[in-house]
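Okay, so here's the structure we're looking at.
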Amino acid sequence: MNADFARQLLDKHGSPLFAYDLEVVKQRAQTLHAALPEGSRLYYSFKANPLPAIASELRAHGVRAEITSDGELAAAKHAGFTDGIVFGGPGKSERLIATMLENGVTHFSCESFTDATRLSQMAVKAGVQITVMLRVNPQQAPDARLAMSGVESQFGFDEALLLAEGAAERLKLPNLTLNGVHVYFGTQVASVEALAKNTQCALDTAVRVANAVGFECDVINAGGGFPWPYASEATGSDLAGLREALEAVWRSSPLFGKAQLCFESGRYLCAGSGTLLTTVLDVKKAGSKTFVVLDTGIHHLGGMSGLGRIPRSAITLLNLTAQREGEMVADVVGPLCSPLDSLARGQKMPPVEVGDVLAVPNVGAYGLTASLLGFLSHATPVEAAYRGSEVIETWSFQCWHNPNRAV
Ligand SMILES: Cc1ncc(COP(=O)(O)O)c(C=O)c1O
């Protein structure tokens, strides 16, 4: 991003800071829509980044809301989503379901027999009718870097349970209409072939399950997992040929012409829009090692990878202050009192000095929201959404639960 603009943002709001380019969000929405079969519906997975400016940009380009919490509901409403919201995720509490129903959310992705029963009971209590997609964990293993279905996981109904005798009876529940199937295989699906194969598998699963349980499959949410680099400068994924591949799969399904085909995406839509701006606080030696200490760390970025939950890939640190000759090898760490607070080990980069402003690209998804914000109680970085050189909106993260915290 432009160095002068970055400096202006830091002068006004302090360092570190997340900046999101809304023009990039718009382009990704347009590109992904164009890569899906005609008539497909695209949902935005708020978990990737609930910032209202990003969500409302996506809404303006025909993307719907897929949410998993009351905070995401607040963000979706703030972003102007009023209908067509789908609520999903494991372990839905009565309180959460009641909140959704009170707010007019009546379409759910359902994860288990217990989940279905609880949804039905809460719908009866609220006096509303709900529609439910069964989230299914198919027996087939997926092509995904972080697989969430096709493996033994906490997500969805094990397909075998739905194909077994008695499932249909257990799912005949008051105020609840089964109308679809949801399959989410996992994230960072690396190729067009894998995306097409996963979609084929989702469609086949939907047909098997709808036949076995005995309902009309009006909606098939085939997931997605559309990939994007994380915190590195690598260019985004090439979706060339995806539309043709998905069209072929879709047209050969018995559901074609009868059901609404849907996809959901988080990172593809917003990862590329985000840059983390950070300042070098210290450069120090320890034996043979050099440590670059930043004012950001796993409490703002990659908190889940800090705990070893996600394979860590190389991070890019672009120096916006100076382009210096030469190369240094350093461990890049944050200000937390924990050796886990490491953004890169043995990172080769042009030399940096105290006070330099560095930029980490491609952090618009699973950046701040997927980090250990509470750990060591540092202030939360401001998030700024911009278009060109105009700041459209600035936020502090806690504002979902307390709108007065908007900055
Ligand atoms: C059910 C479900 N849908 C959508 C997503 C969004 O994935 P991505 O951001 O990779 O598109 C996730 C991510 O974990 C998910 O669990």
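Being a predicted model, the structure only gives us computed values, none of them experimental. The first residue in the sequence is number 1, and the count goes up from there.
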**Item:** Listed once per pair and sorted, the ring-ring contact (aromatic ring centres under 6.0 Å, His included) pairs that draw on residues 114-136, sequence neighbours left out
**Value:** none
**Request:** State the CD-NZ distance between Gln30 and Lys26, to the nearest 0.5 angstrom.
**Result:** 5.5 Å
**Request:** Report yes or no: do Ser15 and Thr279 form a side-chain donor-acceptor pair below 3.5 Å?
**Result:** yes
Determine all donor-acceptor pairs shorter than 3.5 Å in which one atom belongs to a side chain in residues 93-101; sequence neighbours excluded.
{"from": "Ser93", "atom 1": "OG", "to": "Leu96", "atom 2": "N", "distance (Å)": "3.1"}
{"from": "Arg95", "atom 1": "NH1", "to": "Asp70", "atom 2": "OD2", "distance (Å)": "3.0"}
{"from": "Thr99", "atom 1": "OG1", "to": "Arg95", "atom 2": "O", "distance (Å)": "2.8"}

**Message:** Is it the case that over 12 heavy atoms from other parts of the model lie below 6.0 angstrom from the CD atom of Glu233?
**Reply:** no
**Request:** Examine the side chains of Gln200 and Asp204 and answer whether a donor and an acceptor come within less than 3.5 Å of each other.
**Result:** yes
**Message:** Within this structure, what is the CG-CD distance for the pair Asp21 and Gln27, rounded to the nearest 0.5 Å?
**Reply:** 7.5 Å
**Request:** Please answer whether the main-chain N or O of Glu393 pairs with a side-chain N or O of Glu383 as donor and acceptor at a distance below 3.5 Å.
**Result:** no
**Prompt:** Counting only heavy atoms not in Arg170, do more than 12 fall under 6.0 Å of its CZ?
**Reply:** no
**Message:** Are the side chains of Met349 and Leu358 in contact, using a 4.5 Å heavy-atom criterion?
**Reply:** no
**Item:** Distance (rounded to the nearest 0.5 Å) between Leu134 CG and Phe108 CZ
**Value:** 14.0 Å
**Item:** Closest contact, heavy atoms only, Ser45 versus Glu264
**Value:** OG-CB, 3.9 Å
**Prompt:** Under 3.5 Å, is there a donor-acceptor pair between the side chain of Arg267 and the main chain of Ala365?
**Reply:** no
**Request:** Answer yes or no: does atom CD of Glu216 have more than 12 heavy-atom neighbours from other residues, nucleotides or ligands under 6.0 Å?
**Result:** no
**Request:** Side-chain contact test, heavy atoms from C-beta onward, threshold under 4.5 Å: evaluate it for Tyr230 versus Tyr366 and give yes or no.
**Result:** yes
**Asked** Quick one: salt bridge (charged side-chain N to carboxylate O under 4.0 Å, His left out) pairs with a partner in residues 29-55, sequence neighbours left out?
**Response** Lys47-Glu66
**Complete:** OH (Tyr20) and SG (Cys270) are apart, to the nearest 0.5 Å, by 8.0 Å
**Prompt:** Got a salt bridge between Arg387 and Glu390, using NZ or NE/NH1/NH2 to carboxylate O under 4.0 Å?
**Reply:** no
**Prompt:** What are the two closest non-hydrogen atoms of Leu343 and Leu301, and how far apart are they?
**Reply:** CD2-O, 3.8 Å
**Request:** Flag the pair Leu58 / Arg28 as yes when at least one side-chain heavy-atom distance between them is below 4.5 Å, and no otherwise.
**Result:** no
**Prompt:** Would you say the side chains of Asn175 and Ser120 form a donor-acceptor pair under 3.5 Å?
**Reply:** no
**Request:** Could you tell me whether the side chains of Arg59 and Ser56 share a donor-acceptor contact shorter than 3.5 Å?
**Result:** no
**Request:** Please report the shortest heavy-atom distance between Met328 and Thr290, naming the atom on each side.
**Result:** CE-CG2, 3.7 Å
**Request:** Indicate yes or no for a side-chain donor-acceptor contact from Thr177 to the backbone of Asn179 under 3.5 Å, with no hydrogens or angles considered.
**Result:** no
**Request:** Indicate whether any N or O donor in one side chain lies under 3.5 Å from an N or O acceptor in the other, for Asn319 and Asp356.
**Result:** yes
**Asked** Got a sec, which residues hit side-chain hydrogen bond (donor to acceptor under 3.5 Å, both in side chains) with Gln347, two or more places apart in sequence or on another chain?
**Response** none
**Item:** Shortest non-hydrogen contact between Thr117 and Leu173, atoms and distance
**Value:** N-CD1, 3.9 Å
**Message:** Just by distance, no angles: are the side chains of Thr131 and His107 close enough, under 3.5 Å, to form a donor-acceptor pair?
**Reply:** yes
**Prompt:** Can you name the nearest heavy-atom pair linking Asp341 to Pro335, along with the distance?
**Reply:** OD2-N, 3.2 Å
**Prompt:** Passes side-chain contact (heavy atoms from CB on, under 4.5 Å), Ser396 versus Thr380? Steps please.
**Reply:** CA-CA 7 Å; Ser396 83; Thr380 310; 5.6 Å; no
**Asked** Which is it for Leu36 and Arg243 under the side-chain contact (heavy atoms from CB on, under 4.5 Å) test, yes or no, and what are the steps along the way?
**Response** CA-CA 5 Å; Leu36 301 177; Arg243 182 168 209 165; over 6 Å; no
**Message:** Can you confirm whether Leu255 sits close enough to Trp250 that some side-chain heavy atom of one is under 4.5 Å from a side-chain heavy atom of the other?
**Reply:** yes
**Message:** Show every ring-ring contact (aromatic ring centres under 6.0 Å, His included) that has at least one partner inside residues 110-129, sequence neighbours left out.
**Reply:** Phe113-Phe157
**Asked** Ala196 and Ala245: which non-hydrogen atoms are nearest, and at how many Å?
**Response** CB-CB, 3.9 Å
**Prompt:** If only atom types and distance count, is the side chain of Asp331 paired as donor or acceptor with the main-chain N or O of Gly346 below 3.5 Å?
**Reply:** yes
**Item:** Whether Phe46 and Tyr44 hold their rings parallel, tilted or perpendicular, with breakpoints at 30° and 60°
**Value:** tilted
**Item:** Test item: Asn221 and Ser109 side chains (from C-beta on) under 4.5 Å apart, heavy atoms
**Value:** no
**Asked** At what distance, to the nearest 0.5 angstrom, does NE2 of His61 lie from CG of Leu269?
**Response** 11.5 Å
**Complete:** NE2 (His299) and CG (Leu336) are apart, to the nearest 0.5 Å, by 4.5 Å
**Request:** Using atom types as modelled and distance alone, determine if a side-chain donor or acceptor of Thr321 lies under 3.5 Å from a backbone N or O of Val357.
**Result:** yes
**Residues Asp115 and Arg135 bridged, charged N to O under 4.0 Å** = no
**Asked** Is a donor on one side and an acceptor on the other found under 3.5 Å between the side chain of Asp158 and the backbone of Ala160?
**Response** yes
**Prompt:** Please, which pairs that meet ring-ring contact (aromatic ring centres under 6.0 Å, His included) have at least one residue in residues 192-228, sequence neighbours excluded?
**Reply:** Trp228-Tyr268
**Message:** Within the structure provided, determine whether His300 and Leu368 are in side-chain contact (heavy-atom separation under 4.5 Å).
**Reply:** yes
**Message:** What I'd like to find out is whether the side chain of Thr199 reaches to under 4.5 Å of the side chain of Phe263, using heavy atoms alone.
**Reply:** yes
**Request:** Decide if atom CD of Glu327 counts as having more than 12 heavy atoms of other residues, nucleotides or ligands within a radius under 6.0 Å.
**Result:** yes
**Prompt:** Can Leu277 and Leu320 be said to form a side-chain contact (heavy atoms from CB on, under 4.5 Å), step by step?
**Reply:** CA-CA 9 Å; Leu277 300 173; Leu320 298 186; 3.8 Å; yes
**Request:** May I ask you to test the Pro138-Val183 pair for a side-chain heavy-atom distance under 4.5 Å?
**Result:** yes
**Request:** Report the C-alpha separation of Val132 and Leu171 in whole Å, then their side-chain angles, then the decisive distance to 0.1 Å, and conclude whether the side-chain contact (heavy atoms from CB on, under 4.5 Å) test is met.
**Result:** CA-CA 10 Å; Val132 160; Leu171 290 167; over 6 Å; no
